[in-house]
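Since the model is a prediction, treat every value here as computed from it, not as a measurement. To find a chain, count down the sequence lines: A is the first, B the second, and so on, and within it residues start at 1.
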Protein chains: 2
Amino acid sequence: MHGNTGVRAKMTFGEFKEMTMVSMDEICRDIFRENRHSIKIKKEETVVRNLVNIFNATLKLSNEKGFRTMTLRDLCAETGLSMGALYSYISSKDELLDIIQSQGRRITEKVLMERINSAEGPRERLSMAVHTHLYLSEVMQKWFFFSYMETKNLDRRVHGSAKEAELFTEKIFVDILIQGKEGGLFRQGDPVLTASMIKAMLQDWYLKRWKYKKRNISVEEYATNVVDMIESYILAE
Amino acid sequence: MHGNTGVRAKMTFGEFKEMTMVSMDEICRDIFRENRHSIKIKKEETVVRNLVNIFNATLKLSNEKGFRTMTLRDLCAETGLSMGALYSYISSKDELLDIIQSQGRRITEKVLMERINSAEGPRERLSMAVHTHLYLSEVMQKWFFFSYMETKNLDRRVHGSAKEAELFTEKIFVDILIQGKEGGLFRQGDPVLTASMIKAMLQDWYLKRWKYKKRNISVEEYATNVVDMIESYILAE
DNA sequence: GTCTATAGTGCGATAGAC
DNA sequence: GTCTATCGCACTATAGAC
């Protein structure tokens, strides 16, 4: 390995969870406040409780068979709500998809930026970015999987914003890699191509969760492995 | 970089295409011969011509909006066939999906094994496996993308065989990595985890084709980059 | 071998009682 | 705030003329 000279102790997954507190409850409260116009029900507690229920059920069913294949009747069975009640919280099936997509992306961007900016120096920032992205996708695995898989079914406008999101996270890594190259610390590889490789490895974690679970590989082990591989490449003489 | 000492000149994409000749025509001829029972039409030339048409259209539409969202009326419009004619070649929409999936997997496995067995020594075999997989997914990009994206919509039996296919290709890399470790050539990394990382990078090529196209990155460049990154990791002292 | 016409099903969405 | 009942539609699949 390349050793960890100068790199502070890594953040564990447990520490991350305590630190960020991404709770479904809070997310749904935000969604309610932003979408008051299209939600018929007025009592906040009721709305939040039912939204949490609806989103969890949607993520579960969609990850099993895809959002398009999931019918609203499936969703009613899973949530215990009737069709009528369901339509008090969403105005259409497509809107449900939109909300889940955009909310997931916003949280990702917010948490990623906050955590990365707390680290100094290219190596620390790179490690932090990798760890944060993996930990976040572990906490919100279903959300990440959903977002990745359902992107292609959207219309052109929304499909474009999914590509933007892909490039946004990639750019975070590109910037760190360029910074490291300018400082003379990272010596190998094209930053853009290297960032793509990193993203590919990060995505594999939530896209093939079944594989890593079966092998008892923890998210920390996986993160270490990714950082080691990237570093052995970019730090090579 | 780690240099190419002892590694023969890389196969170019052009050479690969000439060598393998995976033609849609041949594939459809095979499909016809294996599915004579469920195809109502008897004249081979007609069947092959229409099957090529149907498969190309299915891949095009599915990659745009997903197999489930694509209706058979969309497919009729794209192929120029009527509903009645379409149903002379396939017995159901699900069967169409099954045929495309299994045929794609079979070709992948066949070509991969043939090419890899033609290389000697762990480094050559690793490079050959990476190049062959990338070149193959370039020739059959739509097929690979389709297969990856539509896997989740299948029933449990077929979903299981998709996981098997994932593990099959992965095992090819695991075996090469173990071989290299036993010979003392590869010194770093857990073979199973490293193989997963390699697969992740290979898949990114056909899943984000739009990204690499926009950046004018050729499949040869990409292959070189992947091999370099892996080698810098496993060959590190 | 290909067509048009249509049967039969199950979907998303809504109205109105409670 | 939640329910049941139902509308209208678009889908897969088939029958039968040509």
Does a donor on one side chain and an acceptor on the other come within less than 3.5 Å for [X] and [Y]?
X: A:Lys208; Y: B:Gln203; result: yes
X: B:Ser196; Y: B:Glu170; result: yes
X: A:Arg105; Y: A:Ser161; result: yes

Sugar-phosphate only, base, or nothing, as touched by B:Asp94 at under 4.0 Å among non-hydrogen atoms: nothing
Touch class at under 4.0 angstrom, heavy-atom based, for B:Thr71 against every strand present: sugar-phosphate
Closest-nucleotide 5' rank along DNA chain C - winner of B:Arg49 and A:Tyr87: B:Arg49
Measure [atom1]/[X] against [atom2]/[N] and give the value in whole Å, please.
X: A:Met83; N: D:dT4; atom1: CE; atom2: C1'; answer: 12 Å
X: A:Met70; N: C:dG10; atom1: CE; atom2: P; answer: 18 Å
X: B:Lys93; N: D:dA10; atom1: NZ; atom2: C1'; answer: 12 Å
X: B:Phe32; N: C:dG1; atom1: CZ; atom2: P; answer: 9 Å
X: A:Lys40; N: C:dG16; atom1: NZ; atom2: C1'; answer: 13 Å
X: A:Leu81; N: D:dT2; atom1: CG; atom2: P; answer: 7 Å
X: A:Ile90; N: D:dT2; atom1: CD1; atom2: P; answer: 14 Å
X: A:Asp74; N: C:dG12; atom1: CG; atom2: C1'; answer: 13 Å

4.5 Å side-chain heavy-atom contact, A:Arg33 and A:Arg36: yes
Side-chain donor/acceptor of A:Arg73 to base of C:dG12, under 3.5 Å: yes
A:Tyr135 ring center near A:Phe13 ring center (under 6.0 Å): yes
C:dG1 phosphate, OP1 or OP2, under 4.0 Å from B:Asn50 side-chain N/O: no
A:Tyr89 side-chain N/O to D:dT2 phosphate OP1/OP2 under 4.0 Å: yes
5' priority, DNA chain D, between B:Leu72 and A:Ser82 [closest heavy atom]: A:Ser82
